[in-house]
Amino acid sequence: MDFSHRAIEKKWRLYWEQNKTYQTTNTHDKKSYILDMFPYPSGSGLHVGHVKGYTATDIIARYKRMNGYDVLHPIGYDAFGLPAEQYALKTGNDPREFTLKNIAVFREQLQKLGFSYDYEKEVNTSHPNFYKTTQWIFEQLYQQGLAELRYADVNWCPELGTVLANEEVIVVDNKMVSEVGGFPVVKKPMRQWVLLITKYADKLLTGLDALDWPSSVKELQRNWIGKSEGMEINFLTTFGDELKVFTTRPDTIYGVTYLVLAPENPIISKLTAVEQKASVEAYQELTQQKTELERKDDSRPKTGVFLGSYALHPLTGEKLPIWIADYVLNDYATGAVMAVPAHDTRDWEFAQKFNLPIKFVLESKSQIKPFIGDAKHINSETLNGLTTTKALSVSKKILSEQKIGVVKTNYKLRDWLFSRQRFYGEPFPVLYNDQDEIILVDPAQLPVTLPSGEYIKPSGTGESPLANFPDWVNIEQNNQHYRRETNTMPQWAGSSWYFLAYILTNTPNELIDINSPEARERFKKWLPVDLYVGGQEHAVLHLLYARFWNQVLFDQKIVPYAEPFQKLVNQGMILGPNGEKMSKSKGNVINPDEIIETHGADALRLYEMFMGPIDASLPWSYEGLDGAMKWLNRVYRLVSGNQFSHENNHHLDFVYHQVVKNYTEMITDLKFNTAISQLMVLVNAMYKEELVTIYQPYVEGLILMLSVITPYLGEEMWSLLGHEPSVILQPWPVYDAEKLVLTTTTVVFQVNGKVRGKAVVKKGLSQQELIALAKKDSHVEAYLSGKEIVKEIVVLDKIVNFVIE
Ligand code: ANZ
């Protein structure tokens with residue numbers, strides 16, 4: 001009989017809840033912190049993609065528990081977010097109610113899937129108890145000089161009434177629009193909080209080396225940080241101003257024929273000749289509408305405008321025209337470059353277009369295109385004859401000694417724009433007095449909570465909807481008037497430290513003080529995270545921000561390790577059955593609830609793990625899902641209603657111990673698909689035996705191994721054999737290495753090359769012994785009788801062949 005997934009899911013879910021089976025233990029000296037990237041509780045519920053990563057961590061969490069570890073395996077909700085805000089703006093409902101409703105749906109789905117989370121440790125980033133600590137961390141950042149107010153050019157979306165992050169802006173028909181809603185976006189300077197993550201650039205770079213992360217993710221982070229070593233070089237303009245450029249190639253200094261500034265560089269107003277003013281301003285305006293991505297695209301035809309002024313070459317005194325062009329970015333390095341058109345492709349294209357001089361300072365055969373490689377320097381006085389490495393060090397020395405330049409390291413990494421003009425985010429714990437000075441809210445008065453009960457609508461001024469709550473914004477303290485900051489923090493804030501929050505929580509959203517001896521004890525026990533699983537889309541921002549906050553907290557001696565996530569794994573996507581990315585608009589989304597209903601949580605979990613390697617993106621297949629369910633029934637039929645033997649007839653010794661060994665190794669390596677194949681091998685071998693003769697401990701081992709993937713069926717079969725629950729409390733099966741040495745072999749008997757018999761014999765029998773055995777075989781005997789044996793051919797341990805007339 002097949003098993004009823006509905007019945008067993010109901011039964012065991014209740015059992016686990018009532019018995020607090022998954023409560024975090026603190027009784028062993030080994031620990032394992034197994035973490036999932038927590039979900040945003042969207043209105044559409046859990047996705048089958050979540051199920052893939054969450055099943056993988058669940059398997060490891062269960063495996064670790066069965067191996068005698070204290071395991072921390074929590075889940076929570078990244079609960080602030082733009083969709084809830086937009087829903088509130090549209091419907092007038094409170095985003096908090098909407099979020100709580102969604103969380104309830106998610107929790108129900110996660111529990112149905114049988115994940116062994118400790119639900120008592122649940123956190124929700126939008127809960128005041130949670131964001132109290134987010135605000136406290138912000139205060140630390142501010143006090144460490146890592147947060148400041150700046151006027152920054154932001155992507156302002158008037159329709160949404162908010163500033164958007166670069167990744168929230170897309171380009172349609174050459175115009176910037178919001179990714180959500182497709183509304184126009186323009187650049188606008190606004191007073192914003194920024195976090196000075198650039199101060200941690202070097203630590204964030206070197207910290208990567210020791211991490212067990214996919215090399216592709218490390219590379220993405222390295223490129224994002226973008227360390228670049230070079231020089232800042234001073235040029236004097238003919239107006240007497242100093243103009244600083246950043247170059248990685250000071251060795252090409254003699255090849256400089258003009259300078260280019262970013263169109264936003266503030267020095268431009270001083271350097272623009274009267275007759276050029278109109279065209280310069282027109283070009284500046286045009287540049288404002290371009291996205292950074294577009295400006296970085298080197299394949300675009302070059303554009304620019306001459307300022308009508310010049311700088312002097314610091315070594316030759318030559319007059320160099322000063323231009324502006326959008327390929328120079330204002331917020332990288334000094335926002336100004338020395339152009340060496342002979343040896344830089346962008347400068348070459350620009351010089352060609354505007355007829356600017358080109359001077360080769362590296363030996364090259366052809367002068368009809370830029371020369372980018374390494375060669376001897378020419379036309380460069382003291383550098384002549386030197387190749388690049390040497391010329392670089394000599395030029396740095398000369399330029400430094402003559403005080404023309406200084407050696408400088410730059411990073412592509414930008415400071416982190418930390419303000420959002422939204423209602424539904426963490427309020428800043430910041431007050432302004434009437435002189436506009438910044439005062440932090442007393443930590444004892446945290447959290448600064450969001451006002452409630454009112455209709456949330458856009459402020460219309462560019463401020464967040466919080467500006468509509470005058471009673472909240474204006475406060476009196478010690479007879480002084482203060483205004484609260486009306487911006488809120490971005491959604492990244494909560495996710496930058498939530499992995500610490502679980503450690504501080506024993507009842508949902510009740511956190512102990514992060515800056516307490518008890519917190520330090522707990523951090524020492526649980527950190528770092530041993531395994532972190534999530535999607536590749538978080539390769540850069542989330543993982544960089546979380547590493548940054550953790551490093552700051554490490555420097556503050558709050559946490560004991562600089563790096564929070566020791567091992568990282570990116571799960572691949574589950575594509576639609578047609579091989580395309582699942583999306584509502586394509587109608588190819590698979591809803592896990594429906595699958596649980598028809599096939600059960602175990603079959604869904606097994607199927608997703610059996611699809612292929614964890615990091616591969618693979619299409620959904622209903623046949624695969626059916627296959628998973630069929631196989632589970634095959635296992636169930638093996639166990640249910642059958643008796644097994646308490647004596648070992650040794651038939652399955654080899655295969656069982658081999659499977660335990662392989663399965664254990666494959667699970668530790670997160671090779672779930674091949675691990676499952678191993679269990680299939682074992683089940684096949686068991687079915688070849690007479691069921692009552694199978695040694696019961698082997699069936700038990702099979703159940704325990706399978707239980708990490710399919711916990712409901714694991715629990716059910718374990719109790720069918722008369723055992724007390726729970727499977728997760730049982731020790732992991734071990735293999736006996738001695739049983740892996742094969743001592744027997746099958747020898748085939750042939751007459752004139754045709755198989756006439758075989759025998760299972762001890763390995764290592766001699767030629768004579770094998771021939772004697774073969775001759776005794778009744779079939780062989782029949783073929784040999786009355787014939788003369790011409791030749792006896794023996795392959796030890798394998799074949800005996802008699803050649804007869
Ligand atoms: C002269 C030169 C000669 C350059 C040469 C390159 C090759 P990284 O740091 O690796 O990206 N640059 C400097 N500031 C810039 C800005 N704000 N926007 C756009 N480009 C900028 O590269 C640094 C190089 O990019 C610098 O070195 C500068 O061009 C340009 F044969 O200076 B180079």
Side-chain angles (χ1 to χ4, degrees), residues 153 198 201-202 205 222-235 243-268 287 290-300 302-304 311 313-315 320 322-352 356-364 367 369-380 383 386-389 391-392 395-396 399 404-415:
D153 244 356
T198 49
D202 224 26
L205 195 62
R222 286 194 187 106
N223 291 338
W224 190 264
I225 297 167
K227 185 174 181 170
S228 175
E229 285 164 333
M231 273 197 114
E232 229 169 64
I233 298 181
N234 270 326
F235 286 78
L243 190 59
K244 276 190 177 30
V245 305
F246 173 70
T247 177
T248 45
R249 296 296 304 273
D251 60 306
T252 61
I253 182 88
Y254 289 97
V256 179
T257 55
Y258 61 98
L259 304 183
V260 194
L261 309 184
E264 301 90 341
N265 195 318
I267 202 173
I268 290 172
T287 309
K290 302 236 157 84
T291 63
E292 186 175 309
L293 213 65
E294 213 182 334
R295 288 176 61 172
K296 281 181 175 167
D297 177 4
D298 287 342
S299 66
R300 289 176 315 136
K302 297 286 167 289
T303 58
H313 192 288
L315 294 170
L320 309 168
I322 308 174
W323 286 68
I324 59 173
D326 64 7
Y327 75 83
V328 179
L329 304 171
N330 196 41
D331 54 359
Y332 182 59
T334 63
V337 307
M338 57 178 223
V340 183
H343 305 295
D344 180 279
T345 314
R346 290 182 306 181
D347 297 345
W348 172 275
E349 287 167 4
F350 194 83
Q352 291 286 345
L356 291 158
I358 296 174
K359 187 175 160 197
F360 278 77
V361 290
L362 290 163
E363 215 167 54
S364 89
Q367 301 209 336
K369 56 177 199 284
F371 175 77
I372 308 297
D374 193 1
K376 280 190 183 147
H377 282 64
I378 52 170
N379 300 326
S380 298
L383 304 176
L386 304 177
T387 51
T388 306
T389 318
L392 265 174
S395 61
K396 279 184 186 165
L399 294 167
I404 294 169
V406 289
V407 173
K408 172 102 196 187
T409 301
N410 267 316
Y411 296 90
K412 291 264 148 53
L413 184 67
R414 310 286 169 79
D415 282 330

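Order of appearance sets the numbers: ligands from 1, and atoms from 1 within every ligand. In this text, all values refer to a predicted model and were calculated from it rather than measured experimentally. Along the sequence shown, the residues carry numbers beginning at 1.
More than 12 heavy atoms of other residues, nucleotides or ligands sit less than 6.0 Å from atom NZ of K302. Heavy atoms from other residues, nucleotides or ligands lying under 6.0 Å from CD1 of I372 number more than 12.
T198 and D415 share a side-chain donor-acceptor pair at under 3.5 Å.
Selection from K412, R346, M338 by nearest heavy atom to atom 20 (N) of ligand 1 gives R346. Counting heavy atoms only, V337 comes closest to atom 15 (C) of ligand 1 of the residues N330, T334, V337. With atom 27 (O) of ligand 1 as the reference point, the heavy atom nearest to it among D344, T248, V340, V260 is part of T248.
Close approach to Y332 involves these atoms of ligand 1, each under 4.0 Å from a residue heavy atom: 8 (P), 9 (O), 11 (O), 14 (N), 15 (C), 16 (C), 17 (N). Residue contact check: T252 has heavy atoms under 4.0 Å from atoms 3 (C) of ligand 1. Within the listing of ligand 1, atoms 8 (P), 9 (O), 10 (O) sit less than 4.0 angstrom from a heavy atom of S228. Those atoms of ligand 1 with a heavy atom of F246 less than 4.0 angstrom away are 9 (O), 13 (C), 26 (C), 28 (C). Less than 4.0 angstrom separates some heavy atom of V328 from each of these atoms of ligand 1: 16 (C), 17 (N), 18 (N), 19 (C).
In this structure, atom 11 (O) of ligand 1 has protein heavy atoms in its sub-4.0 angstrom surroundings.
Residue K296 does not touch ligand 1, judged by heavy-atom distances below 4.0 Å.
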Residue pair D374, T388: steps toward the side-chain hydrogen bond (donor to acceptor under 3.5 Å, both in side chains) verdict: CA-CA 6 Å; D374 193 1; T388 306; 2.5 Å; yes
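At least one side-chain heavy atom of T252 sits less than 4.5 Å from a side-chain heavy atom of M338.
For atom 19 (C) of ligand 1, the nearest protein heavy atom (residue, atom name, distance) is Y327 O, 3.5 Å. Here the protein heavy atom with the shortest distance to atom 4 (C) of ligand 1 is T247 OG1, 4.0 Å.
Ionic pairing of D344 and R249 is not present here: no N-O contact between side-chain nitrogen and carboxylate oxygen is shorter than 4.0 angstrom. A salt bridge does not link K396 to E229: none of the charged side-chain nitrogens sits closer than 4.0 Å to a carboxylate oxygen.
Between R249 and ligand 1, no N or O atom pair is found at a separation short of 3.5 Å. For ligand 1, none of its N or O atoms has an N or O atom of H343 under 3.5 Å away.
Minimum interatomic distance between E264 and R295 (heavy atoms only, all atoms of both residues): OE2-NH1, 2.6 Å. The two residues I268 and A262 come nearest to each other via the heavy atoms CD1-O, 3.1 Å. Between L329 and K296, the closest heavy-atom pair is CD1-CE, 3.7 Å.
Heavy atoms of L329 come nearer than 4.0 angstrom to ligand 1 in at least one pair.
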